[in-house]
Amino acid sequence: MDIDVVEAPPGGVEADVLVFTVPDPVTLSKAAEGLDRLVEGRLSRLVENGELRGDEGRVTLLHADGRLAAQRAAGVGVGERELDADRLRTAAAAAACETVDVGGTTMAWVVEPDGPLSPSVQARAIVDGTVLGPYEAARWKTSAEPSVQIERLVLCGPGAAGVAGEAERANVAAAWANRCRDLVNAPANELTPERLGDWAEEIAGGSPSLRFEALGPDEIRAAGMGAFGAVSQGSDNPPRLITLAYEPETPARPELRIGLVGKAITFDAGGLSLKPAYHMDEMKSDMGGGGAVLAATGAIAELGLPVRILTVVPSCENLPGGHSYRPGDIVTALSGKTIEITNTDAEGRLILADALWFARESGATHLLDLATLTGGIVVAMGDLYAGLFGNDDAWVAEIEEAAEASGDHAWRLPLHERYHRYNDSAFADLKNSSDYKQASPILAAAFLEQFAGEGPWAHLDIAGTAYLERGRGDYYSDLGATGYGVRLLAELARRL
Ligand code: BES
Ligand code: MN
Ligand code: ZN
């Protein structure tokens, strides 16, 4: 999508649809009053008739018939409470979907110069909603029309001064979030670990600052990754340890190297500890963490952010079969620690154990992993907030701030040494799942902590946020992948 910023009055801006926000109860902002004068009171008439309304996400169209440079004006409702960024994202998504629906490809948006949200926060939210809202997941329908997106967004009015940089950054991040959604929605018969590696290689081909590498099954074993190797051995599709190294020409802090680690189980059947059939299809999304860190690395490279990144994605399938690892098996992780397998469905922490250790050994100073790790986090937080854990308050605080600013929400949960006893095994250093049936997201995080080595580490459990069972009633109005984490990581990298 192209973005233009025009400080001139909105009435002169050419577009298929020119959008302004409408609160509930309805009042016309100064900008909207200006438009009303140009259309000779037609907007006030819609207000008087009760047709122009402020309910969240409601769009009211008016043909301008030459009175505006735009074809149509559209009021989009933002609801009763004081406007926040999420509600503006939702309104932008609704307006973008409506624009696409009437065959439009250019949307203009009046940025309010004063009000509860700063112009740059408005610009980011408008871009997020416009790019993420019309996303189409039904790519495999033979009847599917080629997906239509907004091609040009014009942010206009005096409020738009100085928002170009923020808007363009948001545009790049949201476009990569949609690429991540394509990966996560892709079925496991298409998106194998090998194909995910090819995708990462293609990204690297697009930037001289990115270097791609991938290890196959024999190299993974030879390197000593016994935990990752064990999970992957049940499938005929070979595993990949995918790495992307991003080295900007002039890093702002050369001593800093962020290690982004993402779980990429392309299908999680549970292994011999087989999952129930109900909703098992959704386990094609168990690579959402890996998809997010790879796509975010693409975004960061495209933006040319001056921060060094090492992205590590262990990818395999978790299937039952004659070659599968078994409950009771004891494996040796790359760190040297031994792990008793008590449930083959707790596979994410095993592949991450080796990937985290590998990232640390390869020189990452600050680790952050993203993983669709536990059903428990879905129970606790639902589809809106990811669970955030970490061993370093300053590092966790940076991630919390980036999360809030980006719209990818996260909320911190505790770690405490007392939890570790539930991961103790009678036979090995650790076991991968506990008979203690409580606090599963915390026990999983406590397990990962053992493999994070020395230095700051944080973990986002994105099992509830990466893939929606149903629309969320906001700018994600349909089921399927959200691209959770891509906007968060791009924002984090920008702040470092
Ligand atoms: N991939 C699942 C977690 C998951 C559940 C993601 C629901 C998305 C939606 C993970 O590998 C898993 O199976 N976790 C188990 C761990 C348990 C066996 C200790 C869980 O949370 O039930
Ligand atoms: Mn599992
Ligand atoms: Zn899993």
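Since this is a predicted model, take the numbers as computed values, not measurements. Both ligands and their constituent atoms are indexed starting at 1 by order of listing.
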(request) May I ask you to say whether K263 pairs ionically with E347, meaning some side-chain N is under 4.0 Å from a carboxylate O? (result) yes
One finds that the ligand 1 atoms under 4.0 Å from a non-hydrogen atom of E347 are 11 (O)
Counting from 1 in the order shown, the ligand 1 atoms closer than 4.0 Å to a non-hydrogen atom of R349 are 16 (C), 19 (C)
Here the gap from F267 atom CZ to N189 atom CG, rounded to the nearest 0.5 Å, amounts to 10.5 Å
At a non-hydrogen distance cut-off of under 4.0 Å, which region of [X] contacts ligand 1 (side chain, backbone, both, or neither)?
{"X": "D286", "value": "side chain"}
{"X": "I265", "value": "neither"}
{"X": "K263", "value": "side chain"}

Main-chain N/O of L132 paired to R181 side chain as donor or acceptor, under 3.5 Å:
yes
*asked:* Main chain of D182, side chain of R139: is a donor-acceptor contact present, judged purely on distance under 3.5 Å?
replied: yes
Would N432 and T342 count as a side chain to side chain donor-acceptor pair (under 3.5 Å) here? Give the steps. CA-CA 6 Å; N432 79 328; T342 48; 3.2 Å; yes
Donor-acceptor side-chain pairing of H420 and Q450 below 3.5 angstrom
yes
### Query
Without hydrogens or angle criteria, can the side chains of T266 and T192 be said to hold a donor-acceptor pair below 3.5 Å?
no
- Using the side chain to side chain donor-acceptor pair (under 3.5 Å) rule, take S425 and E340 through it: C-alpha gap first, then chi angles, then the decisive distance, then the call. CA-CA 7 Å; S425 159; E340 181 197 4; 2.7 Å; yes
M283 near ligand 1, heavy-atom distance under 4.0 Å? yes
* Asked: If you measure from each heavy atom of E469 to ligand 1, is any distance below 4.0 Å?
  -> no
Note on the Zn ion (ligand 3): protein N/O/S atoms within less than 2.8 Å are K263 NZ, D268 OD2, D286 OD2, E347 OE2
The N/O/S atom of E347 lying closest to the Mn ion (ligand 2) is OE1
Less than 6.0 angstrom from the centroid, inside 45 degrees of the normal: does R360 satisfy that with respect to the ring of W357? no
of all protein heavy atoms, closest to atom 10 (C) of ligand 1 is L373 O, 3.3 Å
Min over I462, L443, D345 of heavy-atom distance to atom 13 (O) of ligand 1 lands on D345
